[in-house]
Every structure is written in C-alpha cells, then in structure tokens.
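In this text the structure is predicted, and so the values were computed from the model without any measurement. Below, chains carry the letters A, B, ... as their sequence lines are ordered, and counting in each starts from 1.
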There are 2 protein chains.
Amino acid sequence: MATVSRVVNNNPNVKPQTRKKVFEAIERLGYRPNAVARGLASKKTTTVGVVIPDISNSIFAEIARGIEDIANMYHYNIILCNADKRKEKEIRVINTLLEKQVDGLLFMGGTVTEEHIQAFQTSAVPIVLCATRDEKGTYPSVDIDHETAAFDAVNTLIRHGHREIAMISGTLQDPANGYARFHGYKKALEAAGIEYQEDLVRIGNYRYESGVEAMKYFLGLKKKPTAIFAATDEMAIGAIHSIQDEGLKVPDDFSIISVDNIRMASMVRPLLTTVAQPMYDLGAVAMRLLTKLMKKETVENPRVILPHETILRLSVNHVNK
Amino acid sequence: MATVSRVVNNNPNVKPQTRKKVFEAIERLGYRPNAVARGLASKKTTTVGVVIPDISNSIFAEIARGIEDIANMYHYNIILCNADKRKEKEIRVINTLLEKQVDGLLFMGGTVTEEHIQAFQTSAVPIVLCATRDEKGTYPSVDIDHETAAFDAVNTLIRHGHREIAMISGTLQDPANGYARFHGYKKALEAAGIEYQEDLVRIGNYRYESGVEAMKYFLGLKKKPTAIFAATDEMAIGAIHSIQDEGLKVPDDFSIISVDNIRMASMVRPLLTTVAQPMYDLGAVAMRLLTKLMKKETVENPRVILPHETILRLSVNHVNK
DNA sequence: GAGCTACATCGTAAATGGTTACCGTCAAAT
DNA sequence: ATTTGACGGTAACCATTTACGATGTAGCTC
C-alpha cells in the first residue's frame with residue numbers, strides 16, 4: 001500500500017523497477033486513486049470554493065475564467081456557487097464549502113457584513129475577497145479602486161469640456177459598484193468646481209434596461225446634460241440606444257462614458273469609451289494570492305488594488321458650444 | 001458517534017431529548033461535519049463534475065447557471081472545469097473529476113470522439129451530455145435540433161421573399177453549431193428550390209470579428225445577397241455593424257437572422273431577429289436528468305431535444321424588389 | 001406480579017481508501 | 001564486520017457511515 005502511494009505521489013524512494021511494476025498493475029487493474037480517501041488522510045482536497053454572485057453575468061464569468069485558469073495551473077479544482085449577493089445564501093454556501101474541506105475560499109459578493117466575518121472566522125483555511133472588500137480591511141482582497149475609476153471617467157468628460165454631466169448610478173447600498181462610483185463622480189465634479197445637481201443622477205440596477213429608462217428621464221429634462229457617466233457599460237449601452245431611438249446621436253448630441261469594459265463595449269456603435277477594469281486579472285490575481293496563502297507563503301501585500309485604464313473610443317466628444 | 005451521525009443525518013431513531021443534547025454539543029463545540037470523511041464512508045459526495053468549453057462565453061455561462069440552480073435545488077455542488085473544446089484537456093478533467101468521486105458528470109464539449117467514449121466507460125457514475133451528442137446515441141443528452149433551427153431561420157428569410165441568402169457559418173468540423181447549422185441552411189435552400197452557391201458562404205469562428213470580416217466579403221461581391229443567415233448571434237451582430245459602417249442599413253439593405261438569442265441580441269439596433277435556443281433550460285434539464293440518473297430512477301427518454309423558437313424582431317424585412 | 005415480547009434507543013466496531021511515521025531488511029561501501 | 005542508505009512493509013490514523021448487537025422499557029399474558 002505504502003509503495004503504491006509513493007509511486008502515485010512521485011515519492012523518489014522507490015526502485016525504478018518496482019515503480020514500473022506498480023504502474024503496470026495500475027494499468028492492468030484500471031486502478032484510479034480515490035481523491036476522497038486521499039483527502040481524508042492528507043487533510044487536503046486540492047479544491048477551492050468560489051462564491052460568486054451570478055455566473056451568467058459576463059463580468060463575473062470573465063473573473064471566473066481567470067480564477068479557474070490559475071487554479072488549474074496549480075492543480076486545484078473549483079467548486080462554484082452562485083449566491084446572487086443574498087446574504088443568507090452566501091453564508092450558507094460558505095458553510096457547505098467549508099464542510100467540503102476546501103483548501104481555500106474565494107469570495108465575491110455584495111456587502112461584507114459582520115455575519116460574513118463571523119462565518120469567515122470559523123474557517124481554518126485562507127479566504128480571499130475578490131471584487132469586494134471588507135471595510136475593516138482584515139481579509140486579503142483583490143479589487144480595483146472604484147472611486148478613482150469613476151473619478152477618471154468623469155474627469156475625461158470634464159477634459160472634453162463637459163460641465164453638465166449626468167450620472168446613471170447603481171444602488172448606493174452597494175459599496176463598490178454603487179456608492180464608490182457615485183462618490184468618484186461627486187469628487188470629480190467638486191474638483192472641477194461644478195455644482196452637484198441631484199436631478200442629474202438616476203439610480204439604475206446595472207442592467208441595460210435601467211440605462212434606457214434613466215436616459216429617457218434625462219431626455220425629458222428641460223435643461224439636458226451634455227454628457228452621461230454610467231456606472232456600468234450595460235447601462236451606458238442602454239443610454240446610447242435610448243438616445244439613438246430618439247433620432248439623436250452619440251457622441252454628437254451626448255457623450256457617454258462608463259466603467260467596466262465588457263466585451264460588448266466594442267460591439268456597439270459607436271464604440272463605447274469606458275474605464276476598463278481588468279476582470280480576468282482580478283480573478284487570476286485573487287486565485288494566485290490564494291495559492292500562496294494555502295502554501296503558507298508569506299505575502300508582502302495581501303490587499304491588492306489592480307490598475308484601471310481609460311479606453312478612449314468613440315462615444316465621447318468635445319462638447320458643442 | 002453513531003448517535004451524532006444519526007441526528008446530523010436526520011435519522012428518526014433518536015430520542016428527542018438526546019437529539020437536543022447533541023445539537024447543544026454541536027453548537028457549543030462549533031462542530032462542523034466533515035464532508036470528505038462522510039463521502040468516504042457513504043460513497044457519495046453530493047458533488048457533480050461539469051466540463052464546459054469556456055465559462056466566459058455567455059452561452060455557456062447561461063447554461064452553467066441553469067445547471068447550478070438545479071444542482072443547488074437538489075443539494076449538489078458543482079466542480080467546474082473549462083476545457084476549451086480541446087480533446088486531451090477534456091479527457092484529463094474527466095479523469096480528475098472521476099478521481100474526485102463526483103456522483104455524476106455533465107459534459108459539454110466539442111466533438112465526442114472514441115476516446116471520450118472510452119473515458120466515459122471507465123465511469124461508475126452517470127454521465128449526461130449537454131449541448132452536444134455522441135452520434136452513436138449511447139449516452140443521455142440534452143440539446144436542441146441545430147439543423148432544424150437553422151432550417152427555420154433560413155426559412156423565415158425565404159418567407160420574407162429572399163432568395164439570395166448568404167451564410168456566415170462556423171467550422172464544418174464542429175458537428176453541432178457548425179455542420180448541423182450549415183446543413184440546415186442547405187436544406188432550406190433546397191426545399192425552396194434555390195440553388196446553393198458556394199461563394200455565398202463564409203466560415204467564421206463564431207465571434208463578432210469574424211462576422212464583421214465575413215460581411216465585408218459579401219459587401220465586396222458584385223452580386224450581393226439580400227439576406228444573411230449567421231450561425232451565431234455574435235457573428236450576426238458583427239455583420240450588422242459591418243453593414244452600418246458602410247452607411248447601409250439593416251434591415252432595409254440587408255436582412256439578418258441567426259440562431260442563439262443571447263442577451264445582446266436585444267441590446268443592439270436593430271433588435272436582432274434570431275432563433276432562440278433555451279440556454280438556461282439546456283443546463284437545467286440536463287442537470288435534472290442527471291439527478292434522476294444518480295437516484296437510479298428510470299427515465300423514459302434519456303435523449304431530449306428542447307424546442308427552439310423563432311423570435312421576430314427588427315433585423316429581417318421583406319426583400320426590396 | 002412474573003415472565004415474555006416487541007420496540008425504541010443507543011453504542012460498538014468494522015469498513016471506507018488512502019497517507020505517513022516508523023521500523024526492518026538488504027546490499028553496497030567502508 | 002560494521003555502517004550507511006535505499007527500499008519496502010506494517011500499522012496507526014483520518015472522520016464518518018452503518019450493520020449489528022446490547023440495553024432498557026412498556027405492554028401484554030397468564
């Protein structure tokens with residue numbers, strides 16, 4: 001038994017000849033190692049748990065691909081759980097993942113509440129947050145700086161001469177895509193000495209349709225904005241179509257910018273100018289960080305902020321006087 | 001130990017009072033059942049393996065969501081593996097999934113070759129094919145009828161008076177999205193007495209850019225088609241933009257139809273007319289089928305074909321004479 | 001009231017399929 | 001002959017499930 005274990009695990013203390021015999025027997029018998037028994041004995045499962053809001057959302061799908069690629073590279077498998085940003089579902093899957101003895105946990109979700117922290121604390125294995133953070137900053141995380149990304153987006157509008165800038169925001173309850181991006185918008189206005197006007201911001205739900213709706217509202221205003229900052233590409237594309245459906249043009253009549261850079265941003269007319277968030281890398285870096293933690297390597301900076309980048313395409317123009 | 005096992009597993013043979021005591025001890029000790037040990041003893045892991053071509057592809061992401069929802073409903077977890085339709089990677093992940101003692105396997109991939117079959121045959125647990133089939137028909141599967149879907153698409157073009165119908169196809173090596181859809185196109189032409197013309201079909205790679213390219217080619221023809229059938233929505237959208245970039249209009253100058261009905265199809269102008277394939281349901285039904293197989297329930301028809309549906313939107317018009 | 005049966009409840013121990021510490025053996029080198 | 005290192009085998013261990021047996025109690029019969 002021990003010898004078989006050694007050859008299967010590539011332990012060098014086996015004579016080449018007997019190693020060969022073992023391999024032959026493995027082949028002949030169709031033996032397949034049982035990872036569950038192995039996991040029980042070794043206390044390692046080479047699988048990590050991934051809790052994700054919604055795999056059918058292209059942003060998270062892209063992140064997930066980054067996660068899986070790196071996991072695969074280090075010979076881990078991933079157990080994927082959709083939790084729809086619902087707290088009690090998140091807590092539930094964290095617990096079942098921990099029961100399954102995952103070697104590590106990668107968490108993407110909505111707000112990280114006190115209850116999340118409590119669940120995390122029962123874990124004997126490392127946890128890293130991806131595309132979220134706990135405000136206390138006690139857990140390793142990989143994210144972008146949403147506020148600055150939003151600031152940069154609004155700022156490129158300002159640099160193009162716009163001063164009547166509306167925003168299609170997400171819910172302010174959401175700390176990352178919602179509040180932080182909204183706050184970046186406000187700060188950019190402030191830095192440029194532009195007064196914040198409440199009726200120039202509408203709250204959407206990140207999706208296309210809500211972008212369409214929000215834009216309809218702006219189109220109905222007596223004093224219309226000249227540019228729109230949308231918190232997500234999807235809402236921005238909704239806004240573009242809303243404008244086009246009225247016979248108006250982007251960017252001639254309205255400039256549009258957003259943040260995300262989903263694939264679709266370069267599959268619309270006009271091509272969408274947006275602040276790119278490196279989705280694949282968010283996943284890849286988070287997973288890489290987790291592998292280090294699982295190997296108990298010490299990591300210099302466990303809270304990484306990935307850079308964003310403004311991608312100038314065709315939906316932003318200089319304002320027409 | 002046995003009693004604890006009984007209360008944890010809801011076995012009725014425990015006095016309510018001792019059940020209570022056990023729960024208290026569990027609470028007090030922070031005991032969490034070890035699913036690995038449980039799996040070893042019970043020979044069940046309540047996890048299923050899912051091999052998928054690419055989770056960042058929105059079609060598969062949508063299918064995966066269907067899979068996970070139903071899995072979750074039946075208290076299974078899923079291990080997700082991207083295999084990029086590459087045979088040796090597919091075989092490899094099948095084997096590691098089987099080593100991990102998954103209770104069932106859900107396979108989505110490219111062609112199901114003889115080697116796949118051999119790998120499948122070493123499995124002690126049920127396997128269902130999703131969005132693929134083995135031509136022998138020996139394994140349970142859930143799919144749509146790609147050929148008829150394509151036939152229907154081309155036929156709605158024909159019913160709108162078109163007779164010069166080009167196709168942007170996928171590779172003919174791919175049995176489902178490629179060959180079957182191409183074959184449906186040919187059959188529809190044939191049924192309408194339209195001669196098949198080789199220079200009216202271009203091979204793409206399913207992606208947006210290849211749709212753009214293919215359309216450029218058609219635009220350069222002396223005798224241009226009046227309508228285009230694209231094998232996928234993405235290529236169709238590429239074609240639309242290719243047309244619009246030349247200052248031409250859809251559907252006035254060209255009618256466009258495709259098959260898939262990805263979310264993006266209703267996020268472009270004009271809204272894309274397409275034959276919808278029920279992606280979420282493909283995953284959900286496949287997983288439901290797998291749960292039945294895992295429970296050793298007998299299933300009436302293990303090879304299910306889900307219906308497709310032509311969704312008339314705005315990219316198809318009657319031909320201009 | 002004694003004895004018996006049936007049943008509910010609970011504990012014991014084997015089994016699950018590996019890993020690994022430890023020890024023994026053997027051959028080669030000193 | 002002794003030491004050393006390579007190699008291989010034994011058995012404990014991992015945390016459960018589960019078959020089986022033990023125990024106790026209630027109800028019944030006579």
Side-chain angles (χ1 to χ4, degrees), chain A residues 1-49 75-77 79 95-105 122-125 294-296, chain B residues 1-47 49 75-77 79 95-104 122-125 294-296:
Chain A
M1 274 169 59
T3 302
V4 173
S5 173
R6 276 187 284 258
V7 347
V8 169
N9 294 300
N10 262 318
N11 182 314
N13 289 349
V14 183
K15 207 191 299 183
Q17 180 191 342
T18 70
R19 181 184 301 275
K20 186 151 165 287
K21 275 161 63 180
V22 171
F23 276 131
E24 283 169 5
I26 284 176
E27 183 67 22
R28 179 159 40 85
L29 273 8
Y31 168 81
R32 187 167 8 226
N34 181 322
V36 172
R38 175 178 291 179
L40 185 61
S42 68
K43 300 184 160 306
K44 295 203 181 62
T45 54
T46 64
T47 104
V48 312
H75 302 106
Y76 286 97
N77 291 110
I79 299 184
N95 281 315
T96 90
L97 256 7
L98 259 17
E99 282 187 14
K100 296 226 168 172
Q101 310 297 119
V102 293
D103 293 340
L105 201 54
T122 67
S123 170
V125 298
M294 290 188 296
K295 283 189 217 150
K296 304 199 188 310
Chain B
M1 275 170 56
T3 302
V4 173
S5 174
R6 276 186 284 257
V7 348
V8 169
N9 293 301
N10 260 320
N11 182 314
N13 290 346
V14 182
K15 207 192 301 184
Q17 180 193 341
T18 70
R19 180 184 303 273
K20 188 152 164 284
K21 275 161 62 180
V22 170
F23 276 131
E24 282 169 6
I26 285 177
E27 183 67 21
R28 181 160 39 85
L29 273 9
Y31 168 82
R32 183 163 16 221
N34 181 321
V36 172
R38 175 179 290 177
L40 184 61
S42 68
K43 299 182 159 309
K44 294 202 180 65
T45 54
T46 63
T47 102
H75 302 104
Y76 286 99
N77 290 109
I79 298 184
N95 281 317
T96 90
L97 255 8
L98 259 18
E99 282 188 12
K100 296 228 167 173
Q101 310 298 119
V102 293
D103 293 340
T122 67
S123 169
V125 297
M294 290 188 295
K295 282 190 220 152
K296 304 200 188 312

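- Taking atom CG on Asn9(B) and atom P on dT16(D), their separation rounds to 10 Å, with Å as the unit.
- Between Arg38(B) and Pro33(B), the closest heavy-atom pair is NH2-CB, 3.5 Å.
- If you check dC20(D), dC7(D), dT16(D) against the side chain of Met1(B), the one that comes closest is dT16(D).
- Residues meeting the side chain to side chain contact (heavy atoms under 4.5 Å, CB included) test with Ala41(B), sequence neighbours left out: none.
- Put simply, CG on Asn10(B) is 15 Å from C1' on dT17(D), counting in whole angstrom units.
- Closest approach of Val36(A) and Gly39(B) over heavy atoms only: CG1-C, 3.9 Å.
- Rounding to the nearest 0.5 Å gives a distance of 7.0 Å between CG of Asn34(A) and NZ of Lys43(B).
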Side-chain donor-acceptor pairs of residues 21-31 of chain B under 3.5 Å, sequence neighbours excluded:
none

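- A pairwise comparison of heavy atoms in Tyr76(A) and Thr47(A) identifies CD2-N, 3.9 Å as the closest pair.
- Not a single side chain to side chain contact (heavy atoms under 4.5 Å, CB included) links Lys296(B) to another residue, sequence neighbours left out.
- Residue Val4(B) is out of contact with every strand shown, counting any heavy-atom pair closer than 4.0 Å.
- Against DNA chain D, the stretch residues 19-38 of chain B makes heavy-atom approaches under 4.0 Å through Tyr31(B), Arg32(B), Pro33(B), Asn34(B), Ala37(B), Arg38(B).
- The side chain of Lys43(A) places an N or O atom within less than 4.0 Å of a non-bridging phosphate oxygen (OP1 or OP2) of dA15(D).
- When DNA chain C is scanned 5' to 3' for any atom under 4.0 Å from a heavy atom of chain B, the first and last hits are dT9(C) to dG17(C).
- Toward the 5' end of DNA chain C, the nearer of the two residues Ser42(B) and Ala2(B), judged by each one's closest nucleotide, is Ala2(B).
- For Val14(B) against Arg6(B), the heavy-atom pair with the smallest separation is CG2-CB, 3.7 Å.
- Heavy-atom minimum distance, Val102(B) versus Val125(B): O-CG1, 3.4 Å.
- In this structure, Glu99(A) atom CD and dA15(D) atom P are separated by 15 Å, rounded to whole Å.
- Counting any heavy atom pair closer than 4.0 Å across all strands shown, Ser5(B) reaches a base atom.
- Side-chain contact between Ile79(A) and Leu97(A) is present, with heavy atoms from C-beta onward closer than 4.5 Å.
- Rounded to whole Å, atom C1' of dG8(D) lies 6 Å from atom CZ of Arg6(A).
- Comparing the helix axis at one end of the helix from dG1(C)-dC30(D) to dT30(C)-dA1(D) with that at the other, each defined from 5 consecutive pairs, gives an inter-axis angle of 50° (nearest 10°).
- When the C1' atom of dG5(D) is taken as reference, atom NZ of Lys15(A) falls 13 Å away, rounded to whole Å.
- If you take NZ on Lys100(A) and CG on Asn77(B), they are separated by 4.0 Å, rounding to the nearest 0.5 Å.
- Spacing between atom CG of Asn13(A) and atom P of dA6(D) amounts to 7 Å, rounded to whole angstrom units.
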